[in-house]
Amino acid sequence: MLQFSLSTPRASAHAEEASDRAPTETVVNLANAVFNCSQEAIVVTDTEGMVIAVNPAFTTISGYSALEVVGRSMRSLQSGRHRRAFYRELWAHVAEHGYWQGEIWNKRKNGKIYPALLTLSSVRDANGRVTHFIGSTADLSRIKKSELELDHAAHHDDLTGLPNRRLLITHLDRALHRAVRQGAMGAVLFIDLDRFKLVNDSLGHGAGDELLRLATRRLRESLRSNDLLARFGGDEFIVLLEQTSPEGAGIVAQHVIDRLTEPFLLPAGEEIYIGASIGISFFPNDSSRADELLQHADAALYQAKSAGRSTYRVYSSDLTAVANTRLTMEAQLRRALERDEFVLHYQPLVSLTTGRVFGLEALIRWQDPERGLISPADFLPVAEETGLIVPIGNRMLKVAAAQMKMWRHSGLALDLMAVNISPRQFRHLDFAGNLAATLRETRLSPELLELEITEETLMDSLAATRTTLAALKSLGVGLAVDDFGTGYSSLAYLKTLPCDTLKIDRSFVTDLGQDPASEAIVTAIIRLAECLGLSVLAEGIETQQQRDILAASGCHMGQGFLFARAVPAHEVPSLPGLGRVP
Ligand SMILES: Nc1nc2c(ncn2[C@@H]2O[C@H](COP(=O)(O)O[C@H]3[C@@H](O)[C@H](n4cnc5c(=O)[nH]c(N)nc54)O[C@@H]3COP(=O)(O)O)[C@@H](O)[C@H]2O)c(=O)[nH]1
């Protein structure tokens, strides 16, 4: 162990003070202990920079033993990363202030360069003459590594490793400046995975995460190495293309869609089909602000989704108006939900042979205080798109169940309350639990409630549908396939679902008596229902002729304007054909 006694003026003064209280030998021993036990590398040089002593921490950090460096010039230990001017300034500071502190690059014996915090002090004798220099360095490699890791974590997405929204904005800002400077065109592609939420909701978040990783890989493979791919959040990705053209961006968008439309094989063996919709905005033409460009691409994405998904759309200024309307509508729907402005109207379900009203279909309306009664076609698409349909639908389910309970209690001869369930509501993880709570709260017998689920929703994700239907069925409610005939039902699959009723879509009923093809389809649906042991009900009956054809073909239940339009709750007790329990 090297022995070294500190002898700076301050140290001397302290030593003298201390000598009044403790023997000088003790102070020297303490100084030795500090020198030898310090975790910082300490190097003592003479005024020419020749190393006189180093402590054990120096050996640990640098890899040099004391024997290897003592007697050598400090210069031989420099990293070579700093210019001469840097050292000139450093020594000038030491000369003026007696010390210098700052970050510096050092070199280990194995040649590796590492960052260190150096404190360099001059040591003066009793006459104020500089006798030595002491350099004390703390190795900053670990701290720097943590800083880098933290920086990476703050700017990248954990799951996919892609740049996150923050880093994207930084890149987009720079790309915008470059485009303006160079007079070039760039594009922002806003990508949303189609049907991703369905996978997440039905197969769980683990499967969803895996799908996002696989999708990321495909996206990377679809792009050039200098295109930026970022995860914007959830199932949304952004691609930033520089030096491109409308044709070029269109080709990239189509290629991305094609690649994401190919099936994905999850590790658990499920084969998943998703696809993607893309909105494109161009810079600097559409905007020279990053946030606006993203908004524009998002508006175009909305158009792509509305156009049937798995396609792309390019932003045009008219889209801003459309997006604004959608945003306004979303805010209005939220407020309407808070203020309880959604109401149900009820359309009678009628026996085609006797004309008796045996049930009701609950149909939502928005009672806006200023605009009056708003039809579901005008607000349900936005409610579905934004997910607001879940709380709205659940509220309506509860209102319908409570109302049915009350009407039954008051003696109305009603055997069925049919309620429409939206695709998103049906796929929501908590749907069956919510329904169970509604049945408990309203104390309605479950067999009096029938859930109408469209054929399209049922055919969307077969495995998940089966699980949800089984959960609903176990609660004892009835299940009807709504708009039957408009989807692409696999009859083999339909046979295995626990459904009770097929509702023939209005489009086939409308043409009855005029179009033999519609008559043939309706007859086929009625026969199919018979074979599957299901009830059949025809929607949209408007004429006596339609009613007669349906009844003659074996369909004995129906609804439509011929009998009654949907009416507010207070009109239900006086509906013609609605009896009372004797
Ligand atoms: N998720 C939910 N969806 C709902 C809810 N309430 C309604 N809806 C869906 O909105 C769509 C439009 O509904 P609406 O404007 O109420 O139209 C219904 C009937 O008024 C209409 N109908 C009934 N008979 C006739 C007829 O003879 N002619 C004619 N032109 N239209 C008629 O059909 C609609 C009922 O359709 P269906 O549900 O398929 O039985 C509609 O798709 C509703 O499903 C809700 O609470 N939640």
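The figures that follow rest on heavy atoms only: side chains count, while hydrogens, waters and symmetry mates do not. One-based numbering, in listed order, for ligands and for the atoms of each.
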task = Quick one: look up the protein heavy atom nearest atom 2 (C) of ligand 1 and list residue, atom name and how far away it is.
result = Asn420 CB, 3.6 Å

message = For Ser422, is there any backbone N or O sitting under 3.5 Å from a side-chain donor or acceptor partner on Gln425?
response = yes

ask   = What protein heavy atom sits nearest atom 6 (N) of ligand 1, and how far off is it?
value = Ile364 N, 2.9 Å

ask   = Relative to atom 21 (C) of ligand 1, which among Arg506, Arg565, Arg424 owns the nearest non-hydrogen atom?
value = Arg506

inquiry  = Quick check on Gly540 - does any of its heavy atoms sit under 4.0 Å from an atom of ligand 1?
reply    = yes

message = Between Ser277 and Asp192, is there a side-chain donor-acceptor contact under 3.5 Å, judged purely by atom types and distance?
response = no

query = With a cut-off of 4.0 Å, which atoms of ligand 1 are near a heavy atom of Arg365?
reply = 14 (P), 16 (O)

query = Short check: is a protein heavy atom less than 4.0 Å from atom 39 (O) of ligand 1?
reply = yes

query = Going by the atom numbers of ligand 1, which of them fall below 4.0 Å from some non-hydrogen atom of Gly560?
reply = 24 (N), 27 (O)

remark   = Within 4.0 Å of some non-hydrogen atom of Gln347, the atoms of ligand 1 are 23 (C), 24 (N)

ask   = With the threshold set at 4.0 Å, does a side-chain nitrogen-carboxylate oxygen contact exist between Glu338 and Arg335?
value = no

query = Do you see a protein non-hydrogen atom under 4.0 Å from atom 42 (O) of ligand 1?
reply = no

ask   = Could you walk me through whether Thr454 and Thr457 pass the side-chain hydrogen bond (donor to acceptor under 3.5 Å, both in side chains) check?
value = CA-CA 5 Å; Thr454 64; Thr457 308; 2.7 Å; yes

request  = Decide, yes or no, whether a salt bridge links Arg259 with Glu221 under the criterion of side-chain N to carboxylate O below 4.0 Å.
outcome  = yes

ask   = Does the side chain of Ser535 come within less than 4.5 Å of Met557's, by heavy atoms?
value = yes

request  = Can you pull out the closest protein heavy atom to atom 7 (C) of ligand 1? Residue, atom name and distance to 0.1 Å, please.
outcome  = Leu363 CD2, 3.5 Å

inquiry  = So that I can tick it off, tell me whether Arg395 and Asp340 are bridged by a salt bridge, with the cut-off set at under 4.0 angstrom between side-chain N and carboxylate O.
reply    = yes

Atoms in ligand 1 flagged as close to Glu539, the criterion being non-hydrogen separation under 4.0 Å = 37 (P), 39 (O), 40 (O)

note = atom 25 (C) of ligand 1 has as its nearest protein heavy atom Phe561 CE2, 3.3 Å

task = Quick one: look up the protein heavy atom nearest atom 11 (C) of ligand 1 and list residue, atom name and how far away it is.
result = Pro376 CG, 4.3 Å

key: Which segment of Ile541 sits under 4.0 Å of ligand 1 when only heavy atoms are counted   = backbone

ask   = Are any side-chain N or O atoms of Asp286 and backbone N or O atoms of Phe282, one a donor and one an acceptor, separated by less than 3.5 Å?
value = yes

task = Check each atom of ligand 1 against the heavy atoms of Glu452 and keep those under 4.0 Å away; list them by number with element.
result = 38 (O), 40 (O)

Lys/Arg N to Asp/Glu carboxylate O, Arg195 vs Asp235, below 4.0 Å = no

Arg371 and Glu341 ion-paired at < 4.0 Å = no

inquiry  = With heavy-atom distances below 4.0 Å as the criterion, list the atoms of ligand 1 near Glu542.
reply    = 26 (C), 27 (O), 28 (N), 29 (C), 30 (N)

key: Heavy-atom nearest neighbour in the protein, as seen from atom 36 (O) of ligand 1, with distance rounded to 0.1 Å   = Glu361 OE2, 4.3 Å

key: Thr501 and Glu450: side chain donor to acceptor below 3.5 Å   = yes

remark   = heavy-atom search around atom 8 (N) of ligand 1 in the protein gives Leu380 CD1, 3.7 Å

Enumerated ligand 1 atoms positioned under 4.0 Å from heavy atoms of Ser422 = 1 (N)

inquiry  = Less than 3.5 Å apart, any donor N or O on the side chain of Gln544 or Asp548 sitting next to an acceptor on the other?
reply    = yes

message = Taking 4.0 angstrom as the limit and counting only heavy atoms of Asp482, give me the atoms of ligand 1 inside it, by number and element.
response = 37 (P), 38 (O), 39 (O), 40 (O)

